[in-house]
J.: 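Got a structure for you, questions after.
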Amino acid sequence: MSMFSTGILVLTSPLHTLPLRIAPVLSSAAQLVERTLYVHLHPGLNLGSGSQPRPVFLPPAVDLSTLISRLYSNAADVCGHLDVRVLLTNVRTQSAACSGTAIPNCPFPTPQSLSHSPEVVLTDFPLQDPGQSHQVMQCLQRYAGHCYVCSPSVPSVLLHPQLVRLQESGEGLKEPGEEAEPTQTYSDVVVGGTFDRLHGAHKTLLNISCLLANRRLIICVCDHAMLKKKVLKELVEPYSLRAQRLQEFLQDIKPSLQVEIMPLEDPYGVAVVDPSLQCIVVSEETRRGGEAVNKKRMENGLPPLILHEIQLLKDAHHTETEEEKISSSSLRSRLLGTLLTPPKDTSHLAALPYVIGLTGGSGSGKSSIARQLEALGAVRIDCDKLGHEVYQPSTAGYRRVLEEFGSDLLNEDKTINRRALGRKVFGNQERLKALTDIVWPEIALLVENRISQAREEGRQVCVLDAAVLQEASWTDMVHEVWVTVIPEEEAVLRISERDGLTAEDALRRLQSQWSNGKQVAHANVVLSTLWEPEVTQKQVLKAWNLLQKRIQPRQEGEVLVSPSSQL
């Protein structure tokens, strides 16, 4: 069967058996759905009775929280490419179900619109008789259409995964018929986090928060000062994008909730001043933050919040340098070396050699990466060395520098004393610009000569190693921009150790350059030398291999046109 972009999975197995069946069911679903998989829970739903079943409200129970965690954890393991969303429209306490405008015990007075219209409906419902397959699929199709707005004539599919045989212990799950332990719910709930690249652990946190909230859910999203210590903070998505994705997700999973999303710029936010709040949802590692919120609330004369703690989800695919839990920092580290944004239009450049502009702040390890790329076969063009050539006697740059800054800069051998020149421009933006207006165009001419030479030699890739690539507007000479980043505090340590500067002088040097964030905003590929050298080598090799795939069509095109060019 062909693949579908979006699907909705109706899970009908009883809650006490479902946790052990989720993984094979998701594996089967992932063979049909490639982007978004919505999950609708209706344990005990009978699609084979002959009569058309209707959705009903499910009470929020402890087992349901456990199931949600298991579902997102399994999804990360077996179908990490899918955007899985557990829908909770039909999960509500009886009192909340009856207090609204909805008809009691009828969660869908009209079909609910989802952000992505389902193109297929799937279910784990087991057939008792193969002959009833068509009837069950029709029943499933009508059921899904009653709950959600689906694509016209949405197809339905019965999944038949190999189910795990339940052990007598049931891994601590309740036995059939045993009464489910109810979950305490609250009118107003608050939760906080970075919510960068919304992943399974975020979704677990949000789903359980929605499970606990009857009326209002406040989500405090880390921004500005709260991002300073994040690993690879330059790759954290903009606040507006994170807030937009949260809004879409929450509108899908529980549209009846009043959702308020706001930036969090200190450890407390609105949680310490809002008297309506009753509960804060935390994880094992943020529990202390929740306790700090309660301490502040009591100082403000407000009652403490109930702390509802959820467990962290383990990341089965983490590497030695990544956290054991599913985390945004691990996802950001996996982006290193990959193409984050497509290259700009470079039709004004020759197809080959393909020129990489490699830049980064002082101490970032840019030149070590350039040497690794050189070892892989690239032609390295060192702009720092070319800068020295510009100052050589008898060059145009030499003459213009002396005209602008005076012959008192000369050493006895008639070379320019660059330390003396530096003193003349230090702290004076106008004089510094006068110097760069002379030097940068001259370096650019030398770069163009090196690229032409590489083309004549039949070389495929050039790496332009340039600290001022973006400031000097040399990006017009390259096909892609690669940026190396490390945290500011690490850069200060490296510069101080390498150049014998004080921490204050090293910091001033960094602050005179483009910030990491500004450089990354203009980058196609990002790399980092923050970890052990072997980790950087793996990043560079990944980036190089992906680059070869991007430039292969260009190489083949050169082969095709070269014979005719010789006629």
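The first residue of the sequence shown is numbered 1, and numbering continues consecutively from there.
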J.: Rounded at 0.5 Å granularity, tell me how far CZ in Arg197 sits from CG in Leu241.
T.: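 So the gap between those two atoms works out to 8.5 Å.
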
J.: Any luck finding a side-chain donor-acceptor pair between Ser327 and Ser330 under 3.5 Å?
T.: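 Present: a donor and an acceptor within the cut-off.
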
J.: Under 4.0 Å between a Lys/Arg side-chain N and an Asp/Glu carboxylate O for Glu234 and Arg332?
T.: no

J.: If you measure only the distance, is there a donor-acceptor pair under 3.5 Å linking the side chains of Ser73 and Lys314?
T.: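 Looking only at side-chain atoms, Lys314 and Ser73 do not form any donor-acceptor pair under 3.5 Å.
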
J.: Is the shortest heavy-atom distance from the side chain of Leu307 to the side chain of Ile280 under 4.5 Å?
T.: yes

J.: Tell me if a side-chain donor or acceptor on Ser156 pairs with a main-chain N or O of Leu140 at a distance below 3.5 Å.
T.: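 Not confirmed, Ser156 side chain does not pair with Leu140 backbone.
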
J.: If we check side chain to side chain contact (heavy atoms under 4.5 Å, CB included) with Leu340, which of these qualifies: Asn524, Leu335, Val483?
T.: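 For Leu340, the side chain to side chain contact (heavy atoms under 4.5 Å, CB included) check succeeds only for Leu335.
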
J.: Please determine if Arg242 and Glu237 form a salt bridge, counting it only when a charged side-chain N lies under 4.0 Å from a carboxylate O.
T.: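 No salt bridge links Arg242 with Glu237.
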
J.: Considering only heavy atoms from C-beta outward, does the side chain of Leu67 approach that of Leu41 to under 4.5 Å?
T.: yes

J.: Working to the nearest 0.5 Å, report the span between CG of Asn516 and CD of Glu488.
T.: 8.5 Å

J.: Enumerate the residue pairs fulfilling salt bridge (Lys or Arg N to Asp or Glu O under 4.0 Å) with a member in residues 210-222, sequence neighbours excluded, ordered by first and then second residue.
T.: Asp188-Arg215, Asp188-Arg216, Arg216-Glu260, Arg216-Asp274

J.: Donor-acceptor check, side chain of Ser515 to backbone of Lys518, threshold 3.5 angstrom: yes or no?
T.: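 Yes; at least one donor-acceptor contact below 3.5 Å.
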
J.: Can you check whether Ser528 reaches Thr536 side chain to side chain, under 4.5 Å on heavy atoms?
T.: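 No, every pair of side-chain atoms sits at 4.5 Å or beyond.
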
J.: Considering only NZ, NE, NH1 and NH2 on the basic side and carboxylate oxygens on the acidic side, decide whether Asp252 and Arg85 come within less than 4.0 Å.
T.: yes

J.: Are Lys538 and Glu534 close enough for a salt bridge, meaning some N to O gap below 4.0 Å?
T.: no

J.: Measure the OG1-CD1 distance between Thr529 and Ile369 for me, rounded to the nearest 0.5 Å.
T.: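 Thr529 atom OG1 to Ile369 atom CD1 measures 6.0 Å (nearest 0.5 Å).
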
J.: Is the distance between the ring centroids of Phe108 and Tyr148 under 6.0 Å?
T.: yes

J.: May I ask you to test the Ile22-Val25 pair for a side-chain heavy-atom distance under 4.5 Å?
T.: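 When only atoms from C-beta onward are counted, Val25 and Ile22 do not touch, as no gap falls below 4.5 Å.
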
J.: What heavy-atom pair brings Ser51 and Cys139 nearest, and what distance separates the two atoms?
T.: O-SG, 4.2 Å

J.: Check the pair Glu291, Arg287 against salt bridge (Lys or Arg N to Asp or Glu O under 4.0 Å), reporting the backbone distance first and the verdict last.
T.: CA-CA 6 Å; Glu291 291 169 348; Arg287 183 178 183 87; 3.4 Å; yes

J.: Does a side-chain N-to-carboxylate-O contact under 4.0 Å join Asp266 and Lys296?
T.: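 No, no charged N to carboxylate O under 4.0 Å.
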
J.: Within the distance-only criterion (no hydrogens, no angle test), does the side chain of Lys254 pair as donor or acceptor with the backbone N or O of Cys210 below 3.5 angstrom?
T.: yes

J.: Looking only at heavy atoms, what is the nearest atom pair of Asn74 and Ala23, with distance?
T.: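 So the two residues come closest at OD1-N, 3.7 Å.
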
J.: Any sub-3.5 Å donor-acceptor pair from Glu119's side-chain atoms to Ser5's backbone N or O?
T.: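 Such a contact is found between Glu119 side chain and Ser5 backbone.
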
J.: Do the side chain of Thr194 and the main chain of Cys222 share a donor and acceptor less than 3.5 angstrom apart?
T.: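 The answer is no, because no donor-acceptor pair under 3.5 Å joins these two groups.
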
J.: Can you tell whether the side chains of Glu322 and Arg334 come within less than 4.0 Å, N to carboxylate O?
T.: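 Looking at Arg334 together with Glu322, the answer is yes, because their closest N to O distance falls below 4.0 Å.
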
J.: Testing the basics here: between Val62 and Thr183, what is the closest heavy-atom pair and its distance to 0.1 Å?
T.: N-OG1, 3.0 Å

J.: Hey, does Pro53 have a side-chain heavy atom less than 4.5 Å from the side chain of Leu47?
T.: yes

J.: Whether the Asp124 and Ser13 side chains hold a donor-acceptor pair (N or O, under 3.5 Å, no angle test) is what I'd like checked.
T.: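 There is such a pair (donor and acceptor under 3.5 Å, judged by atom type) between the side chains of Asp124 and Ser13.
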
J.: Out of His40, Gln138, Gln52, Arg54, which residue meets the side chain to side chain donor-acceptor pair (under 3.5 Å) rule with Tyr143?
T.: His40

J.: Determine whether Val157 and Val121 satisfy the following criterion, side chain to side chain contact (heavy atoms under 4.5 Å, CB included), listing intermediate values before the conclusion.
T.: CA-CA 6 Å; Val157 178; Val121 184; over 6 Å; no

J.: Dump the intermediate steps for side chain to side chain contact (heavy atoms under 4.5 Å, CB included) on Leu305 and Leu277, then the final yes or no.
T.: CA-CA 7 Å; Leu305 302 174; Leu277 293 173; 3.7 Å; yes

J.: Would you call Thr6 and Tyr38 a side-chain contact if the rule is heavy atoms closer than 4.5 Å?
T.: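 Result yes, sub-4.5 Å side-chain heavy-atom pair found.
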
J.: Leu114 versus Val149: any side-chain heavy-atom pair under 4.5 Å?
T.: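 SC-SC contact between Leu114 and Val149 ruled out.
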
J.: Side chains of Gln251 and Ser115: does their closest heavy-atom pair fall under 4.5 Å?
T.: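 Side chain of Gln251 against side chain of Ser115, heavy atoms only: no contact under 4.5 Å found.
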
J.: Flag yes if more than 12 heavy atoms outside Gln311 fall under 6.0 Å of its CD atom; otherwise flag no.
T.: no

J.: Looking only at side-chain N and O atoms, does Thr89 offer a donor or acceptor that is under 3.5 Å from a partner on Gln112?
T.: yes

J.: Using a 3.5 Å distance criterion without hydrogens, assess whether the side chain of Gln539 forms a donor-acceptor pair with backbone atoms of Leu527.
T.: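 It does not hold such a pair.
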
J.: So how far is it from Leu541 CG to Leu376 CG, rounded to the nearest 0.5 Å?
T.: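 With rounding to 0.5 Å, CG (Leu541) is 6.5 Å from CG (Leu376).
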
J.: How about Phe249 and His202: are their ring centres within less than 6.0 Å of each other?
T.: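 Centroid distance Phe249-His202: not below 6.0 Å, so no.
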
J.: Test your reading of the model: is there a side-chain donor-acceptor pair from Thr185 to the backbone of Leu212, 3.5 Å cut-off?
T.: no

J.: Would Val189 and Asn214 count as a side chain to side chain contact (heavy atoms under 4.5 Å, CB included) if you check the C-alpha gap in whole Å, the side-chain angles of each, and the deciding distance to 0.1 Å?
T.: CA-CA 9 Å; Val189 174; Asn214 292 324; over 6 Å; no

J.: How close do Val78 and Ser27 get, heavy atom to heavy atom, and via which atoms?
T.: CB-OG, 3.7 Å

J.: Identify the heavy atoms of Arg297 and Val272 that sit nearest to each other, and give their distance.
T.: CG-CA, 3.6 Å

J.: Please confirm whether the ring centroid of Tyr72 lies under 6.0 Å from the ring centroid of His199.
T.: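 No, the ring centres sit 6.0 Å or more apart.
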
J.: How close do Asn46 and Gly48 get, heavy atom to heavy atom, and via which atoms?
T.: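 Residues Asn46 and Gly48, closest heavy atoms: OD1-N, 2.9 Å.
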
J.: Nearest 0.5 Å please: distance from the CG atom of Leu26 over to the CG atom of Asp77.
T.: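 One gets 10.0 Å once the value is rounded to the nearest 0.5 Å.
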
J.: Does the side chain of Thr286 pick up a donor-acceptor pair with the side chain of Ser283 at under 3.5 Å?
T.: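 Note: Thr286 and Ser283 side chains meet the donor-acceptor criterion.
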
J.: Ignoring hydrogens and geometry beyond distance, is a side-chain donor-acceptor pair present between Glu323 and Ser329 at under 3.5 Å?
T.: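 The answer is yes; a qualifying pair exists.
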
J.: Between NE2 of His308 and SG of Cys279, what distance do you get to the nearest 0.5 Å?
T.: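 Answer rounded to 0.5 Å: 7.0 Å.
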
